[in-house]
Trainee: 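Take a look at this one; I'll ask things after.
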Amino acid sequence: MNKVLDTALVLAAYGFKVYPLTAGTKIPVKGMHGEHDATSDKATIMNWFEIDSSYNLALNLQASGLAVIDLDYHGNGINGVKNYSQYLMDHGNTYMDSLKTYTELTPRGGIHIFYNLNHDLGNKDIQLMPGVELLTGKVVIAPSYISEINKWYIPQYQGYQTLSRENVQPLPDWIIELATEAQQRTTKPAAVYENYQPGQKRWTGRLLDGLVHGAPKGDRNNYLTQLTGKMFRVGADSDSIYNLLVFANSNCEPPLPDHEVNSIFGSILKKNGGR
């Protein structure tokens with residue numbers, strides 16, 4: 001049998017909702033609806049892999065009652081693994097115990113830490129700190145299991161366990177609090193506008209407007225490149241610039257892929273001395 005199919009059926013047996021991706025990518029299969037087609041129905045899953053046995057596999061986290069802490073290492077100075085590790089060490093054993101749950105390494109040196117989610121955080125990735133996101137919508141599952149030997153995905157069919165209800169702990173309250181605080185920071189408080197009086201718009205105001213205007217397809221690269229250059233020119237920290245760049249990209253229609261955003265940031269960072 002197809003080994004990815006084997007794992008898809010194992011995950012489905014636990015009630016996890018899976019869906020296929022185009023082989024070797026994170027892209028939903030053409031003609032399907034990505035996470036909206038996620039299911040735990042055995043017959044549907046088997047039919048997918050009869051159509052194409054080389055499909056990748058992904059999880060609809062929200063429909064599966066799961067959340068994932070995604071630690072990314074972008075290779076541009078943003079090291080989520082380091083930032084998150086330091087945060088845990090700064091807060092003692094209680095926070096370190098949160099690592100006692102099912103975990104996977106990703107092919108580019110990142111980490112996915114899985115939790116059961118019994119709290120409504122919506123269906124949106126939430127940035128907790130530079131390089132660290134809480135995923136509640138969807139995630140690619142190789143299938144895999146963490147390996148300290150080769151730092152790569154080890155398929156479940158090679159004898160390692162895969163994700164199950166038994167090896168995932170509940171999402172800790174302190175992570176929920178971090179996520180709630182992060183969401184509140186991106187919400188515009190009405191009180192800010194109650195006593196607002198129109199006045200002359202300054203350069204900083206135009207820069208802030210630019211962060212939320214976004215750009216249509218065809219203008220996105222130029223828009224994000226110019227915006228990133230402006231932020232470097234006013235002396236913002238590179239971590240802050242990257243986070244704001246990701247935010248600005250989220251307002252584009254549609255957003256650029258992560259690797260293109262990283263390329264824009266890396267190019268301008270290099271021009272500014274790599275600081």
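In what follows, residues are counted from 1 in the order of the sequence shown.
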Trainee: Do the side chain of R220 and the main chain of P254 share a donor and acceptor less than 3.5 angstrom apart?
Mentor: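 Looks like yes, one N/O pair under 3.5 Å.
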Trainee: Between the main-chain N or O of A236 and the side-chain N or O of S240, is there a donor-acceptor pair closer than 3.5 Å?
Mentor: no
Trainee: Extract all donor-acceptor atom pairs below 3.5 Å that involve side chains of residues 58-65 and protein atoms in other chains or at least two apart in sequence.
Mentor:
unit_1, atom_1, unit_2, atom_2, d
N60, OD1, Q62, N, 3.3
N60, OD1, A63, N, 2.9
N60, ND2, E35, O, 2.9
S64, OG, K17, N, 2.7
S64, OG, N60, O, 2.8

Trainee: With a 4.5 Å cut-off on side-chain heavy atoms, are T136 and D125 touching?
Mentor: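 Counting from C-beta outward, D125 and T136 never come under 4.5 Å.
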Trainee: With side chains defined as the heavy atoms from C-beta onward, is the minimum distance between V132 and D70 less than 4.5 Å?
Mentor: no
Trainee: Run the side chain to side chain contact (heavy atoms under 4.5 Å, CB included) test on V246 and F265 for me, step by step, so that the C-alpha distance in whole Å, both residues' side-chain angles and the decisive distance to 0.1 Å come before the verdict.
Mentor: CA-CA 10 Å; V246 171; F265 177 81; over 6 Å; no
Trainee: Are there more than 12 heavy atoms of other residues, nucleotides or ligands under 6.0 Å from atom CG of D258?
Mentor: no
Trainee: Does a side-chain heavy-atom distance below 4.5 Å link C252 with Y223?
Mentor: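 Yes - at least one pair of side-chain heavy atoms lies under 4.5 Å apart.
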Trainee: If you look only at pairs with a residue in residues 83-98, which of them pass as a salt bridge (charged side-chain N to carboxylate O under 4.0 Å, His left out), with sequence neighbours excluded?
Mentor: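 Those involving residues 83-98 are D97-K100.
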Trainee: By side chain to side chain contact (heavy atoms under 4.5 Å, CB included), which residues pair with P172, not counting sequence neighbours?
Mentor: S98, Y115, Q169, W174, I175
Trainee: Counting distance only, does the side-chain N/O of S250 pair as donor-acceptor with the main-chain N or O of F247 below 3.5 Å?
Mentor: yes
Trainee: List the residues meeting ring pair (Phe, Tyr, Trp, His ring centres under 6.0 Å) with H119, not counting sequence neighbours, and say none if there are none.
Mentor: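 Here no residue qualifies.
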Trainee: Using side chain to side chain contact (heavy atoms under 4.5 Å, CB included) as the criterion, point out the one residue from T103, V68, L71 that pairs with H112.
Mentor: V68
Trainee: Excluding sequence neighbours, so at least two apart, what forms side-chain hydrogen bond (donor to acceptor under 3.5 Å, both in side chains) with N83?
Mentor: none
Trainee: Can a donor-acceptor pair be found, under 3.5 Å and without considering hydrogens, that links the side chain of T180 to the backbone of I176?
Mentor: yes
Trainee: Is it the case that D52 and S54 place a side-chain donor and acceptor less than 3.5 Å from each other?
Mentor: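 Checked: D52/S54 side chains pair up, N/O donor to acceptor below 3.5 Å.
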Trainee: Who are the ring pair (Phe, Tyr, Trp, His ring centres under 6.0 Å) partners of F114, not counting sequence neighbours?
Mentor: Y102
Trainee: Is there a donor-acceptor contact under 3.5 Å from the side chain of D41 to the main chain of T44?
Mentor: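 Judged by distance alone, yes, a pair lies under 3.5 Å.
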Trainee: Please determine whether side chain to side chain contact (heavy atoms under 4.5 Å, CB included) holds for the pair F49 and L57, giving the CA-CA distance in whole Å, both sets of side-chain angles, and the decisive distance to 0.1 Å.
Mentor: CA-CA 10 Å; F49 285 89; L57 193 65; 4.3 Å; yes
Trainee: Any donor and acceptor pair, going by atom type alone, linking the side chain of T94 with main-chain N or O of G92 inside 3.5 Å?
Mentor: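 Checking the backbone N and O of G92 against the side chain of T94, no donor-acceptor pair under 3.5 Å is found.
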Trainee: I'd like to know if the side chain of N249 and the backbone of P255 have a donor-acceptor N/O pair within less than 3.5 Å.
Mentor: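 No: the side chain of N249 does not pair with the backbone of P255.
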